[in-house]
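We're numbering straight along the sequence, starting at 1.
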Amino acid sequence: MGRNYLFKKQCVFLLSLIMLAGCADATGEGENVPAADSGVITLDWYVNYSWFVTDWGENMVSQKFTKDTGVDINFITPMGNETNKLESLIDSDSLPDIVTIGWWEPQIQTMLDRGMVYPLNELADMYDASFYDVTDDVVRDWYTMSDGNIYGYPNSTYTPKDLEEHDNIASNQTFLVRKDIYEAIGSPDMSTPEGFYNAVVKACEMFPEVDGKPLIPIGAHEFEQDGCVSFDQYLQNFLAVPYEKDGVKYDRKTDPEYLRWLKLFRKLCEEGYLADDIFVDRRTQTSEKVSEGRYFCMLYQRTDLADQEKELYAKDPDKIYIAVDGPRNSNGDDPVLPSNGIVGWTLTFISRNCKDPERAIKFMDYMLSQDGQKLLYLGIEGETYDMVGDVPVMKEDVKKILSTDRETYDAIYGADDTYWMLQNNVMQLDWHMETEEPLKQLEEWTYPYTTYLGQYDVIINEDSEIGRIYSACRELWGTTLPRLLLAGSDEEFDEILEEYISQRTSLGYDRLMEEETRQMIENKKRLGME
């Protein structure tokens, strides 16, 4: 976007503000809406995800935010590898005004150590005390560092109390099957290794191809440097593998139930039912194949295929993915699926390079307020939804676009958490509109199994000695998991596993487990779970 365009855009917007000056506010907005400053400022906001491609300023929601706050946003996202881009920004001391990255990223500690971000509480004390009203006390305390400051605020957080008070909090983790294929093979029980194996084999026999392309029997998230969540964390959660035993962090990767199922997948791989694609495909390739309906079953996050699911539904409602009971342990126990924990998903910081930290903290506070959250989620009353009594109802034409073309919806409206960086899912439950099919079934299937597991989230400084052990153990598992699945026999599987355990021990795994147990105990105390 050229400088001349930005200048013209700002001048036009400033003129509109001048013209509106002195007019009575007839919008019915709440008390949390700040008065826009006398001019518009553009803040650069770095979002550490290459897949986030929505601009600011063209859709209704972003225009309303700018109208209310006088802040325009220029998003910056990585073109390629997120880690390389983020480290480049840090090393060159060129962090943009606002920064959003995953809470687990090791670069956060680097930013703190180098004093590259403002304490949000200090900005709040200087410029906008409403920060303390629009943020959650428990969450704020959780992210307050030993120096008494909070530097980043999370999105998508849940506390144990939230799950106690709401029965409609969903997990993202699902076991999915393609509806028409699953029903054609008799809707079999896939909760046992035998039933799972037979279902996969029968599906491939009856449907070797999908629209002229080979059926992919089992889909998964991408294999990364530290493993594959589908074949480690998700599978363990479906099997209700415990996180702790006798007050000590449990080694889930060597759990007998988990290894029994992992050997089943090894057998399926040996017989050609784990396609080569799943070991090499990135998210883009997987999404393309989902949109073609090429997977029979998947261990997958439901939200990661939401757009493709809607496309499939529009073409043929019978050829969508539905959630069903998948792998279970020998006792048939229900899955234990996580909600987000108190750590949330991402953290948003205000950089010391910020050209106007006062405007930045006020903008963040508005986005975190009830008015801001309502705008993020519902959009604009009369444009994207109407109030029927006390219940918001999405307009039919808006709903149609949302359910069929998310990209167009984001470009025109920008609600439904298009800008998710500071979304408050619990607050938004106050206005929750029932999820439409085909996503409704996927979401509601998880309700009975969603459990608070945030006490097991650990934060390891990777620059420390224990952090180096942590990184080495994760990388070791990342190379071991595909070897286990690709093993030619159960005997070879056992040999690889023993090698892994031995190498892990030599790396200092026992010390790592001690640290994770210590953090688990401390987390329980901080969350009031002891």
Side-chain angles (χ1 to χ4, degrees), residues 49 81-83 102-106 171-175 218-243 249-269 274-286 297-301 304 326-327 335-338 341 343 345 453 456-460 462 466-487 492-509 512-513 515-516:
Y49 295 95
N81 184 277
E82 285 91 350
T83 299
W103 67 264
W104 60 90
E105 299 291 358
S171 176
N172 238 347
Q173 299 179 12
T174 46
F175 177 69
I218 301 166
H221 284 278
E222 61 191 66
F223 280 76
E224 299 182 297
Q225 188 176 6
D226 58 354
C228 172
V229 291
S230 295
F231 290 110
D232 45 50
Q233 297 175 39
Y234 290 15
L235 180 56
Q236 291 160 4
N237 293 338
F238 293 142
L239 301 176
V241 176
Y243 284 79
K249 198 76 183 289
Y250 180 58
D251 179 13
R252 304 179 87 209
K253 290 185 176 70
T254 60
D255 179 82
E257 293 286 344
Y258 173 59
L259 295 177
R260 183 170 73 109
W261 273 88
L262 213 55
K263 283 186 174 180
L264 166 72
F265 286 108
R266 184 215 66 79
K267 179 182 178 182
L268 287 165
C269 186
L274 278 191
D276 293 342
D277 305 49
I278 69 169
F279 292 100
V280 296
D281 279 352
R282 311 312 288 174
R283 177 170 172 172
T284 301
Q285 287 77 42
T286 302
C297 67
M298 304 185 76
L299 297 85
Y300 211 70
Q301 281 198 115
D304 279 15
V336 177
L337 306 180
V343 293
W345 171 23
L453 300 171
Y456 303 116
D457 290 331
V458 298
I459 300 177
I460 304 290
E462 295 195 17
I466 199 71
R468 286 184 283 275
I469 296 173
Y470 175 69
S471 297
C473 288
R474 291 178 68 189
E475 290 178 10
L476 176 62
W477 176 249
T479 59
T480 299
L481 178 58
R483 290 181 63 206
L484 291 170
L485 293 171
L486 293 165
E492 183 181 348
F493 180 103
D494 291 338
E495 291 172 3
I496 295 169
L497 182 65
E498 286 303 316
E499 178 186 342
Y500 162 72
I501 294 171
S502 175
Q503 290 180 327
R504 192 181 65 175
T505 301
S506 65
L507 290 171
Y509 179 74
L512 176 61
M513 291 297 279
E515 171 60 17
E516 293 198 7

### Summary
Result for ring-ring contact (aromatic ring centres under 6.0 Å, His included) between Trp345 and one of Trp104, Trp103, Tyr49 points to Tyr49

### Query
Are side-chain heavy atoms of Val241 and Trp261 found at a separation under 4.5 Å?
no

### Query
Considering only heavy atoms from C-beta outward, does the side chain of Asp255 approach that of Gln236 to under 4.5 Å?
no

### Query
Can Lys263 and Asp494 be said to form a side-chain contact (heavy atoms from CB on, under 4.5 Å), step by step?
CA-CA 9 Å; Lys263 283 186 174 180; Asp494 291 338; 2.9 Å; yes

### Query
Can you find a pair of side-chain heavy atoms, one from Cys269 and one from Phe279, that are under 4.5 Å apart?
yes

### Task
Taking the side chain as every heavy atom from C-beta outward, state whether Leu453 and Val336 have any pair of such atoms under 4.5 Å apart.
yes

### Task
Grab the two heavy atoms, one from Ala220 and one from Cys228, that are nearest each other, plus how far apart they are.
CB-SG, 4.3 Å

### Query
Would one find more than 12 heavy atoms of other residues, nucleotides or ligands at under 6.0 Å from atom CG of Asp251?
yes

#### Entry: Sub-4.5 Å side-chain heavy-atom contact between Cys297 and Ile218
yes

### Task
Could you grab the distance from atom OH of Tyr456 to atom NZ of Lys249, nearest 0.5 Å is fine?
8.5 Å

### Lys/Arg N to Asp/Glu carboxylate O, Glu222 vs Arg282, below 4.0 Å
yes

### Task
For Arg266 and Ala487, indicate whether the former's side chain and the latter's backbone hold a donor-acceptor pair under 3.5 Å.
yes

### Query
Which atom pair, heavy atoms only, marks the closest approach of Leu235 to Pro327?
CD1-CB, 3.9 Å

### Query
Which heavy atom in Thr174 sits nearest to a heavy atom in Tyr300, and how many Å separate them?
OG1-O, 2.8 Å

### Message
Assess the residue pair Tyr470 and Glu515 against the criterion (side-chain contact (heavy atoms from CB on, under 4.5 Å)); give the C-alpha distance rounded to whole Å, side-chain angles, the decisive distance to 0.1 Å, and a yes or no.
### Response
CA-CA 10 Å; Tyr470 175 69; Glu515 171 60 17; over 6 Å; no

### N/O donor-acceptor pair under 3.5 Å between Ser506 side chain and Gln503 backbone
yes

### Task
Could you give me the CA-CA distance, side-chain angles and deciding distance for Leu481 and Leu262, then say whether side-chain contact (heavy atoms from CB on, under 4.5 Å) is met?
CA-CA 9 Å; Leu481 178 58; Leu262 213 55; 4.2 Å; yes

### Task
Would you give the length of the straight line joining atom CZ of Arg483 to atom CG of Leu497, rounded to the nearest 0.5 angstrom?
10.5 Å

### Message
To the closest 0.5 Å, what do you measure between NZ (Lys267) and CG (Leu274)?
### Response
13.0 Å

### Message
So Leu484 and Phe231, do their side chains get closer than 4.5 Å, heavy atoms only?
### Response
no

### Task
Verify side-chain contact (heavy atoms from CB on, under 4.5 Å) between Thr286 and Met298, making sure each step is shown before the conclusion.
CA-CA 11 Å; Thr286 302; Met298 304 185 76; 4.3 Å; yes

#### Entry: Gap separating the OG1 atom of Thr254 from the CD atom of Glu498, nearest 0.5 angstrom
10.0 Å

### Query
With side chains defined as the heavy atoms from C-beta onward, is the minimum distance between Gln301 and Tyr234 less than 4.5 Å?
yes

### Query
Can you tell me how far CZ of Phe493 sits from CG of Leu486, rounded to the nearest 0.5 angstrom?
11.5 Å

### Query
With a 4.5 Å limit on heavy-atom distance, are the side chains of His221 and Asp304 in contact?
yes

### Task
Could you tell me which non-hydrogen atom of Trp477 sits nearest to which non-hydrogen atom of Gly227, and how far apart they are?
CD1-CA, 4.1 Å

#### Entry: Distance in Å, Leu337 CG paired with Phe175 CZ, rounded so as to fall on 0.5 Å steps
13.0 Å

